[in-house]
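By convention in this document, chain letters (A, B, ...) are assigned in the order of the sequence lines, proteins followed by strands, and residues within each chain are numbered from 1.
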Number of protein chains: 2
Amino acid sequence: MAEKQTSAGKDDYHHGNLRVELLRVARDMLEAEGINALKLRAITREAGVSAMAATPHFGNLRGLLTALATQGFEELACTLREGNGRSVKDAGLAYVLFAVRNPGLFTLMFRGDAINRHDAAFTHAAQQSFGLLGQLLAQTEPPKTHKSDVGGEVGQAALWAKVHGLAVLAIDGLLAPLVVQSGFADHQEAFLAQALDAMVGPV
Amino acid sequence: MAEKQTSAGKDDYHHGNLRVELLRVARDMLEAEGINALKLRAITREAGVSAMAATPHFGNLRGLLTALATQGFEELACTLREGNGRSVKDAGLAYVLFAVRNPGLFTLMFRGDAINRHDAAFTHAAQQSFGLLGQLLAQTEPPKTHKSDVGGEVGQAALWAKVHGLAVLAIDGLLAPLVVQSGFADHQEAFLAQALDAMVGPV
DNA sequence: CACCAATCTTTACATTGTAAATTATTCTTG
DNA sequence: CAAGAATAATTTACAATGTAAAGATTGGTG
């Protein structure tokens with residue numbers, strides 16, 4: 001019973017890096033077919049393994065999605081770090097651009113009912129991204145919040161809400177009518193940058 | 001074969017208002033158990049009818065959820081109309097408060113992969129809410145957007161993004177740490193009002 | 001009353017997630 | 001190198017879901 005199929009052939013068992021392969025396949029399907037195409041059977045089928053092959057690596061579907069979302073937050077942190085010492089608008093724009101360029105992943109990262117928010121790795125990655133974002137956003141802006149906002153939490157929430165709202169609305173396609181109506185045609189990213197300008201820096 | 005159970009008893013067939021009853025049950029389950037408790041079989045079971053009883057009224061599960069989301073947008077429009085001729089902050093606050101007081105419903109209203117956005121009634125209700133919100137937000141604010149924003153679409157997107165982002169983050173529980181850290185304790189709504197103040201009116 | 005359309009039920013089936021048991025492979029240790 | 005243990009993957013089985021199809025029940029209209 002030597003060979004099984006004409007497939008890769010290396011070794012069916014102990015695939016070696018099935019974990020990263022499953023994450024890769026899942027991510028491709030996520031961006032290609034949307035978030036509710038992320039069925040465990042579909043992912044494993046696409047990867048050429050049996051349905052239960054994911055169990056040793058992720059436990060269950062929720063575990064796999066959590067790992068994928070974790071990866072997303074790690075990449076987001078990287079992206080935020082790249083546009084580093086620059087202005088608030090750059091940090092905000094990096095956030096929004098990451099979202100609209102990875103819409104499925106970004107959606108998954110914030111879909112609390114599909115992942116396990118108490119997972120250690122996830123919590124770590126998310127906290128890191130959030131802390132980094134807050135730090136970048138606050139570096140230029142202690143805006144005119146109410147005097148009771150001693151710690152700056154209100155201002156930080158306001159800044160985060162601005163960029164996050166823009167990201168979510170853009171991903172959901174709800175800004176498309178405004179974009180075309182404003183003459184930006186198919187340059188959504190330019191429109192988003194303009195909207196950010198209108199939001200974060202009216203000092 | 002007169003009676004069936006000790007239930008309402010009126011008539012098992014031709015329930016009369018099964019449509020509104022199913023929507024009521026679904027909404028209760030939505031807010032009580034979260035959005036992924038909205039299974040067709042669970043809803044019909046809770047309503048005391050067979051699994052396929054929803055078909056004549058909604059077609060399928062997506063149709064039911066779409067009707068529920070439509071109802072949500074109608075209520076949102078009502079809420080926006082109530083706090084009418086007042087300031088932008090009031091309109092924005094009405095939007096955010098509706099969200100945090102109906103978190104499941106609000107989430108469903110914007111979950112494009114669970115509903116049918118091309119449904120006529122849904123489109124009508126959503127457009128009505130969006131138009132009303134834009135009108136309320138724009139009535140006080142032609143803010144210092146770029147000179148190229150002739151139609152005001154950029155400013156409108158910015159304002160919508162602010163309130164929507166605040167709503168989404170609050171519903172997802174992501175603002176909770178900031179709320180407690182800022183000393184607002186369990187008065188999240190006061191925190192949200194403060195954040196809105198910091199966002200929409202820094203003229 | 002007879003008929004029809006609408007409403008609801010029953011049955012059946014494909015699909016999903018995953019628990020349990022099994023098999024195959026690799027690693028460890030003598 | 002030869003077991004034995006540990007890991008990885010498969011197979012099988014089962015409960016739950018959405019819904020298509022066909023049958024049963026009711027109300028309204030001729």
If I take atom [atom1] in residue [X] and atom [atom2] in nucleotide [N], what distance separates them, rounded to the nearest angstrom?
X        : N       : atom1 : atom2 : answer
Leu22(B) : dG18(D) : CG    : P     : 13 Å
Leu18(A) : dT10(D) : CG    : C1'   : 13 Å
Phe58(B) : dC8(C)  : CZ    : C1'   : 14 Å

Between N or O atoms, less than 3.5 Å apart, protein on one side and nucleotides 11-15 of chain C on the other: list the pairs.
none

Exercise. Side chain to side chain donor-acceptor pair (under 3.5 Å) with Gln128(A): which residues, sequence neighbours excluded?
Worked result: His124(A)
Exercise. Looking at residues at least two apart in the chain, or sitting in another chain, which of them share a side chain to side chain donor-acceptor pair (under 3.5 Å) with Asp28(B)?
Worked result: Arg24(B)
Exercise. Heavy-atom contacts under 4.0 Å between residues 30-40 of chain B and DNA chain D, which residues?
Worked result: Lys39(B), Leu40(B)
For this session: With sequence neighbours left out, write down each residue that passes ring pair (Phe, Tyr, Trp, His ring centres under 6.0 Å) with Phe122(A), or none if nothing qualifies.
Result: Phe73(A)
For [X], which residues count as a side-chain contact (heavy atoms from CB on, under 4.5 Å) partner, sequence neighbours excluded?
X         : result
Asn17(B)  : His15(B), Val20(B)
Ala170(A) : Val100(A), Leu175(A), Gln188(A), Leu192(A)
Gln127(A) : Thr123(A)

For this session: Name the orientation class of the two ring planes belonging to His164(B) and Trp160(B) (parallel below 30°, tilted from 30 to 60°, perpendicular beyond 60°).
Result: perpendicular
Seminar exercise, completed: Of dG17(C), dC8(C), dT10(D), the nucleotide closest to the side chain of Ala53(A) is dT10(D)
For this session: Give the nucleotide from the list dT7(C), dA9(D), dG17(C) with an atom nearest to the side chain of Leu61(A).
Result: dG17(C)
Exercise. Has Asn60(B) got a side-chain N or O lying under 4.0 Å from the OP1 or OP2 atom of dT19(D)?
Worked result: yes
Exercise. Is the distance from OP1 or OP2 of dC8(C) to the nearest side-chain N or O of His57(B) less than 4.0 Å?
Worked result: yes
Seminar exercise, completed: Tightest non-hydrogen contact, residues Thr70(A) and Ala121(A), listed as CG2-O, 3.6 Å
Exercise. Is there any salt bridge (charged side-chain N to carboxylate O under 4.0 Å, His left out) pair reaching into residues 178-191 of chain A, and which pairs are they, with sequence neighbours excluded?
Worked result: Arg101(A)-Glu189(A)
Seminar exercise, completed: Applied to residues 44-62 of chain A, the salt bridge (charged side-chain N to carboxylate O under 4.0 Å, His left out) test, sequence neighbours excluded, yields none
Seminar exercise, completed: Note: contacts of residues 107-116 of chain A with DNA chain C (heavy atom, under 4.0 Å) are none
Side-chain donor/acceptor pairs under 3.5 Å, residues 30-42 of chain A, sequence neighbours excluded:
{"residue": "Glu31(A)", "atom": "OE1", "partner": "Gly104(A)", "partner atom": "N", "Å": "3.0"}
{"residue": "Glu31(A)", "atom": "OE2", "partner": "Gly104(A)", "partner atom": "N", "Å": "3.3"}
{"residue": "Glu31(A)", "atom": "OE2", "partner": "Leu105(A)", "partner atom": "N", "Å": "2.9"}
{"residue": "Asn36(A)", "atom": "ND2", "partner": "Asp113(B)", "partner atom": "O", "Å": "3.3"}

